[in-house]
Amino acid sequence: MFKQFLSKLPRKSSKSDSGELNRSSSGPVSSPVQRSGTSAGSGPVRSNSGKRMSSAVFPASVVAGIEPLVPFKDVPSSEKLNLFVSKVSLCCVTFDFSDPGKNSIEKDVKRQTLLELLDFVASGSVKFTEPAILAMCRMCAVNLFRVFPPNYRSSSGGENDDDEPMFDPAWPHLQIVYDLLLKFITSPCLDAKLAKKYLDHAFIVRLLDLFDSEDPRERECLKTILHRVYGKFMVHRPFVRKSMSNIFYRFVFETEKHSGIAELLEIFGSIVSGFALPLKEEHKIFLWRVLIPLHKPKSVGNYFQQLSYCITQFIDKEPKLGSVVIKGLLKFWPITNSQKEVMFLGEVEEIVEAMSVMEFQKIMVPLFLRIACCVTSSHFQVSERALFLWNNDQIVNLIGHNRQAILPIMFTALEKNAQNHWNQSVLNLTLNVRKMFCEMDEALFMSCHARFKEDEAKQCSAAEKRKEVWARLENAASMKPITGKTAVLVTPRATSIAC
C-alpha cells in the first residue's frame, strides 16, 4: 500500500517534464489553482493526475533518489530543501475524510509528513527557493481550494441563531495545512519579492472564496492568514481591498448569503486603522458604497459589531465623515424590524457622541425626526433605546446647544408618549426627558406646549368638521329613493375620531 501511495511521485526525468516546469515557472500561478480539481473532502486522486501535477512542479533531477519519508535530521543541509520539495509533493495527494476508515495508513503518513514540514518551516533554517515556493503554493491549492456544497439551511442568510455551526470532517487535516501556510508566509526565510509571483491574484481570490466555509474554525484560520498576506505583500494590498469589496457587493445587492462577512470586516477594521491621513478618495467611496449598505441585509446582526468597529475607525480618522454615516443610516433605516432599529440607535449614539457641534447641526433635523418616530414606537425596546440617548451627557450637551430646533421636533412625540404609551418604563423615561427639556429652557418649553395645544385643538376642530360633512352626506343619501343599481351608503358603526 505504501508503494501505491508513493507511486504518486515522479521517479524518472523527462524533457517534457522539464519543459512543463519552465512554462509553469514563467507563467502565472493560476495554473495550480485552476488545475486542482480535487479537494480535501474528495476521493483519492488518480495516479496519472498525481504524476502530471507533480512532474509539472518538481523536476525529476531534484526528486530522484530522495526518499520523502526520510526525516530532515538524517540528510545534510545541502539536501534539506530538496527533501522539503519531495515531502511537499507527497502531500499533494488528497483523500476522502468523510470515511474515517478509508486509507487510514496513507492519511497518517500524510499527517506525519505535514507535521514534519511544519516543524521545518518554523525552524527557519533554509531560505526558500523558487521551486520550493511554487511547490508549497501548489500543495496548498490542492488541499485547501475546493467548492463548498450547497447550503440547505433557511434562506435567512444565517439570521437564525438556533442554527448550529457545521464542522468539516477533514478539519484535523486542514488545520495542519493552514498552520503550515501561515508559518510559510510569516517565515523570515520567504522572500516577498520572489513569492509574489506565486502568491498572486488568482491565489488570493481562491483564498477569499474559502471565507464562505461554514466551519468557524476554518474562517478563523483564514482571517489570520489573509491578514499576514496583506501585511507582507504590499503590492497586493489594493487588489485584496478590491476583492473584498466585490464579496461585500455580491452579498448586499445579490445573495445576502455569506458565512464569512464578520471575519472579512474584522480584517478590514485592522486595515482601516492603518490608513494614512488624509484619507484617499477610494477609501471614502468604500465607506459610502460598501460599509453603509451593509446595514441593509436582514442578517446584519451576525456582523454588526465588526461593521460598527470599521465605521468607528473611519470616523476616528476623519470626524467629518460622521454626518455622512448618519445620512446613510437614515437612508437604510429599518421600518418594520425592531431588533435592527435598536442596533441602529446604539450606533447612532456612538457616532453622535464623537461629533462636533458643526457636524451635528448638518444632520440634527432629519435625525431627530427619525428619533421622534422611534420614541413613539409601540415596541417598548425601540422607544426605550431612543429615550436612553438623553442619558448620554455629550448628546445632551449637543441637544442643549441646538434646543431651538430639536425641542419643537420632539415635543409632540413626548406628549403623546406621556398620555398614551402602554409601557411604564417608557412612560417614566418620557417624563424624565420632558422635565430635562423644561429645565433646559422653560420659556421654549411653554411655547412648544402652547403650540401643541393649538395644533391639538385644530385637529379636533377638523375632526368635528369631517364628522358633520359625513352626517350631511348620510342625511342627503337617506332622502333619495333607491332605484335600479344605485349605490347605497352604509353608515359606519363608529363615527367618532380620537383627538
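- Between Gly400 and Met440, the shortest heavy-atom distance links the atoms CA-SD, 3.5 Å.
- Using a cut-off of 4.0 Å between Lys/Arg side-chain N and Asp/Glu carboxylate O, Arg434 and Glu415 are scored as salt-bridged.
- The environment of NZ in Lys232 is crowded: more than 12 heavy-atom neighbours from other residues, nucleotides or ligands sit within 6.0 Å.
- For the pair Val229/Leu199, no side-chain contact is recorded, criterion being any heavy-atom separation below 4.5 Å from C-beta on.
- Among the candidates Lys183, Arg217, Glu218, Glu220, the single residue satisfying the side-chain hydrogen bond (donor to acceptor under 3.5 Å, both in side chains) test with Tyr178 is Glu218.
- Outside the 6.0 Å centre-distance limit, the rings of Phe437 and Phe411 are not counted as a close aromatic pair.
- Nearest heavy-atom pair, Arg241 versus Glu282, reported as atom, atom and distance to 0.1 Å: NH2-OE1, 3.7 Å.
- Minimum heavy-atom separation, Val290 to Pro293: O-CD, 3.4 Å.
- Using a 4.5 Å heavy-atom threshold, the side chains of Phe268 and Ser245 count as separate.
- Counting only N and O atoms by type, the side chains of Tyr198 and Arg138 include no donor and acceptor under 3.5 Å apart.
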| task | Quick one: do Asn397 and Asp393 satisfy side chain to side chain contact (heavy atoms under 4.5 Å, CB included)? Show the steps, please. | result | CA-CA 6 Å; Asn397 186 40; Asp393 293 337; over 6 Å; no
| What do the steps show when you test Gln361 against Leu398 for side chain to side chain contact (heavy atoms under 4.5 Å, CB included), and what is the final call? | CA-CA 9 Å; Gln361 288 173 348; Leu398 290 171; over 6 Å; no
| request: Report the C-alpha distance between Leu114 and Arg111 in whole Å, list the side-chain angles of each, state the deciding distance to 0.1 Å, and finish with yes or no for side chain to side chain contact (heavy atoms under 4.5 Å, CB included). | output: CA-CA 5 Å; Leu114 285 169; Arg111 179 178 176 277; 5.7 Å; no
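- The shortest distance between side-chain heavy atoms of Ser270 and His227 falls below 4.5 Å.
- Ring to ring, Phe251 and His258 are not that close: their centroids are 6.0 angstrom or more apart.
- Comment: Glu359 engages Lys362 in a salt bridge, judged by a side-chain N to carboxylate O separation of less than 4.0 angstrom.
- Atoms NZ and CG, on Lys298 and Asn337 in that order, are 8.5 Å from each other to the nearest 0.5 Å.
- No hydrogens or angles considered: nothing links the side chains of Gln305 and Tyr309 as a donor-acceptor pair under 3.5 Å.
- One N or O on the side chain of Lys340 and one on the backbone of Lys296 form a donor-acceptor pair closer than 3.5 Å.
- Summarising the geometry of Ala386 relative to Leu345, their closest heavy-atom pair is N-CD1, 3.8 Å, with the distance given to 0.1 Å.
- Of the inter-residue distances, the one linking Leu291 atom CG with Gln306 atom CD reads 12.5 Å to the nearest 0.5 angstrom.
- Using a 30° and 60° split on the angle between ring planes, Phe452 and His449 fall in the tilted class, from 30° to 60°.
- A salt bridge does not link Lys465 to Glu468: none of the charged nitrogens lies less than 4.0 Å from a carboxylate oxygen.
- Between the side chains of Thr430 and His421, not a single donor N or O lies within less than 3.5 Å of an accepting N or O.
- Within the 4.5 Å cutoff, the side chain of Val352 has heavy atoms near those of the Val348 side chain.
- Electrostatic pairing of Arg146 and Asp168 counts as a salt bridge here, judged by a charged N lying under 4.0 Å from a carboxylate O.
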| request: Give the intermediate values and the outcome of side chain to side chain contact (heavy atoms under 4.5 Å, CB included) for residues Leu429 and Val433. | output: CA-CA 6 Å; Leu429 287 169; Val433 173; 5.5 Å; no
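- Rounded to the nearest 0.5 angstrom, Met244 CE and Leu264 CG are separated by 5.0 Å.
- No side-chain heavy atom of Leu294 sits under 4.5 Å from any side-chain heavy atom of Val300.
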| field | Derivation and outcome, side-chain hydrogen bond (donor to acceptor under 3.5 Å, both in side chains), residues Tyr249 and Arg289 | value | CA-CA 9 Å; Tyr249 285 138; Arg289 294 185 180 176; 5.3 Å; no
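- Between the side chains of Ser425 and Glu384, at least one donor N or O lies within less than 3.5 Å of an accepting N or O.
- With hydrogens and angles left out, the side-chain atoms of Asn428 and Gln424 include a donor and acceptor closer than 3.5 Å.
- Remark: side-chain polar atoms of Thr412 are not paired, donor with acceptor, to backbone N or O of Ile409 under 3.5 angstrom.
- Remark: side-chain polar atoms of Arg237 are paired, donor with acceptor, to backbone N or O of Gly231 under 3.5 angstrom.
- At most 12 heavy atoms of other shown residues, nucleotides or ligands fall within 6.0 angstrom of atom CD in Glu442.
- Here the shortest heavy-atom pairing between Cys310 and Leu265 reads SG-O, 3.1 Å.
- Taking the six-membered ring for Trp and thresholds of 30 and 60 degrees, Phe314 and Phe286 have nearly parallel ring planes, at less than 30 degrees apart.
- Between Arg250 and Ile247 there is a side-chain heavy-atom pair separated by less than 4.5 Å.
- Note on ring orientation: taking the six-membered ring where Trp is involved, the planes of Phe360 and Phe368 are perpendicular (angle over 60°, cut-offs 30° and 60°).
- His173 and Asn143 are linked by a side-chain donor-acceptor pair at a separation below 3.5 angstrom, with hydrogens and angles left out of the test.
- Interatomic distance, CG of Leu414 versus CG of Asn432, reported as 11.0 Å (0.5 Å rounding).
- Between Arg219 and the options Glu214, Glu266, Glu263, a side-chain hydrogen bond (donor to acceptor under 3.5 Å, both in side chains) holds for only Glu263.
- Ile351 is listed as a side-chain neighbour of Leu329, based on a closest heavy-atom distance under 4.5 Å.
- In plain terms, the two heavy atoms of Asp316 and Pro319 that are nearest each other are O-CD, 4.4 Å.
- Using a 4.5 Å cut-off on side-chain heavy atoms (C-beta onward), Ile204 and Val240 make contact.
- A distance of 10.0 Å separates CG of Asn302 from CD1 of Ile261, quoted to the nearest 0.5 Å.
- In terms of modelled atom types and a separation under 3.5 Å, the side chain of Asn417 and the main chain of Val375 share a donor-acceptor contact.
- Remark: Ile133 CD1 to Lys196 NZ distance equals 12.0 Å, nearest 0.5 Å.
- For Thr376 (side chain) and Cys373 (main-chain N/O), a donor-acceptor pair under 3.5 Å exists by modelled atom type.
- No donor-acceptor pair under 3.5 Å is formed between the side chain of Lys110 and the backbone N or O of Cys92.
- Ring geometry for Trp422 against Phe380 counts as perpendicular: the plane angle is over 60°, on a 0 to 90° scale with 30° as the lower cut.
- Aromatic pair Phe344/His295: centroids less than 6.0 angstrom apart.
- A salt bridge does not link Arg385 with Glu341: none of the charged nitrogens is closer than 4.0 Å to a carboxylate oxygen.
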